[in-house]
> 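Dropping a structure here in structure tokens format, bear with me for questions.
Chain A is the first sequence line, chain B the second, and so forth, proteins listed ahead of strands; every chain is numbered from 1. The figures that follow rest on heavy atoms only: side chains count, while hydrogens, waters and symmetry mates do not.
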Protein chains: 2
Amino acid sequence: MTGITRTRTCPPPMNDGGAVREVFDRISDKWSLLVVGALREGPLRFGELEKAITGISQRMLTLTLKHLVQDGLVSRTAYAEVPPRVEYEVTPLGKTLVPLVIALAEWAIEHRDEINANRRGALPPTGS
Amino acid sequence: MTGITRTRTCPPPMNDGGAVREVFDRISDKWSLLVVGALREGPLRFGELEKAITGISQRMLTLTLKHLVQDGLVSRTAYAEVPPRVEYEVTPLGKTLVPLVIALAEWAIEHRDEINANRRGALPPTGS
DNA sequence: CCGCATCCGATTTGATACTG
DNA sequence: CAGTATCAAATCGGATGCGG
């Protein structure tokens with residue numbers, strides 16, 4: 001039988017038993033998506049990433065990169081030279097995520113004003 | 001001088017001076033995207049959300065909803081009846097974010113195994 | 001230059017109990 | 001049912017110092 005009698009209008013990708021949550025918990029921390037976004041155009045050195053992502057601390061960059069490398073989203077290449085050089089780059093797997101990050105970034109830019117307006121302006125008419 | 005020979009291939013949507021960061025800081029907390037995703041198909045009551053998002057605490061759900069309402073991504077409708085009923089729903093603005101969340105969720109499902117394999121299996125060949 | 005380890009304060013989170 | 005309040009715990013995040 002095979003009848004998939006699903007009454008839903010579209011296949012709900014959430015609620016698959018935790019797969020989404022599992023991955024979301026990884027990428028929805030404060031910096032992961034920013035780092036992936038920063039690497040969208042090509043490899044970057046540690047210091048370059050630090051400058052590209054304003055506000056991130058060395059510690060958080062290190063930790064975030066370690067996680068991303070562990071998950072296989074980013075690759076790390078250390079060149080044994082003096083001075084040392086280390087480059088980070090999105091892996092093929094990471095590349096598949098980049099477009100989504102960019103889409104999210106574009107959404108953020110596009111709706112930033114509206115969100116800010118809501119956040120500040122939603123005051124009641126009692127304002128006199 | 002001059003020579004910024006930066007070969008920029010496409011307009012980088014990041015680094016616009018903080019707009020992305022501003023919004024990202026809002027939505028990249030642990031629960032916001034999950035809540036938006038849970039509301040993708042229609043209004044849900046408080047308790048329904050609690051059940052839909054496994055693992056969230058009452059407190060976190062309350063706080064997250066409050067933020068989302070404040071930002072205008074979610075609307076809250078309280079019906080003055082007994083027992084009380086409150087429904088949450090994505091606003092038109094929130095609806096524009098839903099597709100991105102779904103895309104992210106689909107990505108998560110699609111690459112979950114690969115990520116987990118990397119996380120666990122990246123062990124050195126010493127595995128005897 | 002890269003990046004890890006430690007200390008320490010700030011923020012976030014969750015369990016529980018209580019109100020409308 | 002929906003939401004608040006309080007407290008303790010866990011985590012985050014930054015500054016600093018050290019090692020490769």
> Return the nearest nucleotide to the side chain of B/Q58; candidates are D/dC1, D/dG3, C/dC1.
D/dG3

> Specify the separation, in whole Å, of atom CZ of B/F46 and atom P of C/dT19.
18 Å

> Atom CE of A/M60 and atom P of C/dT6: how far apart are they, to the nearest Å?
15 Å

> Charged N to carboxylate O under 4.0 angstrom, A/R112 versus A/E114?
no

> Measure CD/A/Q70 against P/C/dC4 and give the value in whole Å, please.
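After rounding, the gap between these two atoms is 11 Å.
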
> To the nearest Å, how far apart are A/H67 NE2 and C/dC4 P?
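Taking atom P of C/dC4 as the reference, NE2 of A/H67 is at 11 Å.
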
> Is any side-chain N or O of A/R85 closer than 4.0 Å to OP1 or OP2 of C/dC2?
no

> Looking at B/Y88, I'd like to know whether one of its side-chain N or O atoms comes within less than 4.0 Å of OP1 or OP2 on D/dG3.
yes

> Between D/dC12 atom C1' and A/D29 atom CG, what is the distance in whole Å?
10 Å

> Which heavy atom of A/F24 sits nearest to which heavy atom of B/V101, and what is that distance?
CZ-O, 4.3 Å

> What's the CZ-C1' distance between B/R45 and D/dA2, to the nearest Å?
9 Å

> Would you indicate, yes or no, if D/dT6 has its OP1 or OP2 atom less than 4.0 angstrom from a side-chain nitrogen or oxygen of B/R59?
no

> Whole-Å distance between D/dA2 P and B/L49 CG?
9 Å

> Minimum heavy-atom separation for B/A38 to B/L44, with atom names?
O-CD2, 3.7 Å

> In terms of side-chain geometry, is the basic nitrogen of A/E81 or A/R85 positioned less than 4.0 Å from the acidic oxygen of its partner?
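Looking at A/R85 together with A/E81, the answer is yes, because their closest N to O distance falls below 4.0 Å.
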
> If you measure from the Lys or Arg side-chain nitrogens to the Asp or Glu carboxylate oxygens, is any gap between A/D25 and B/K30 under 4.0 Å?
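So A/D25 does not pair with B/K30 through a salt bridge.
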
> Which nucleotide, C/dG3, D/dA2, C/dG14, lies nearest any side-chain atom of A/T62?
C/dG3

> What's the CG-C1' distance between B/L65 and D/dA2, to the nearest Å?
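Computing the B/L65:CG to D/dA2:C1' distance gives 11 Å.
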
> From the set C/dC2, D/dG13, C/dC4, return the single nucleotide nearest to any side-chain atom of A/K30.
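Among the listed nucleotides, the one closest to the side chain of A/K30 is D/dG13.
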
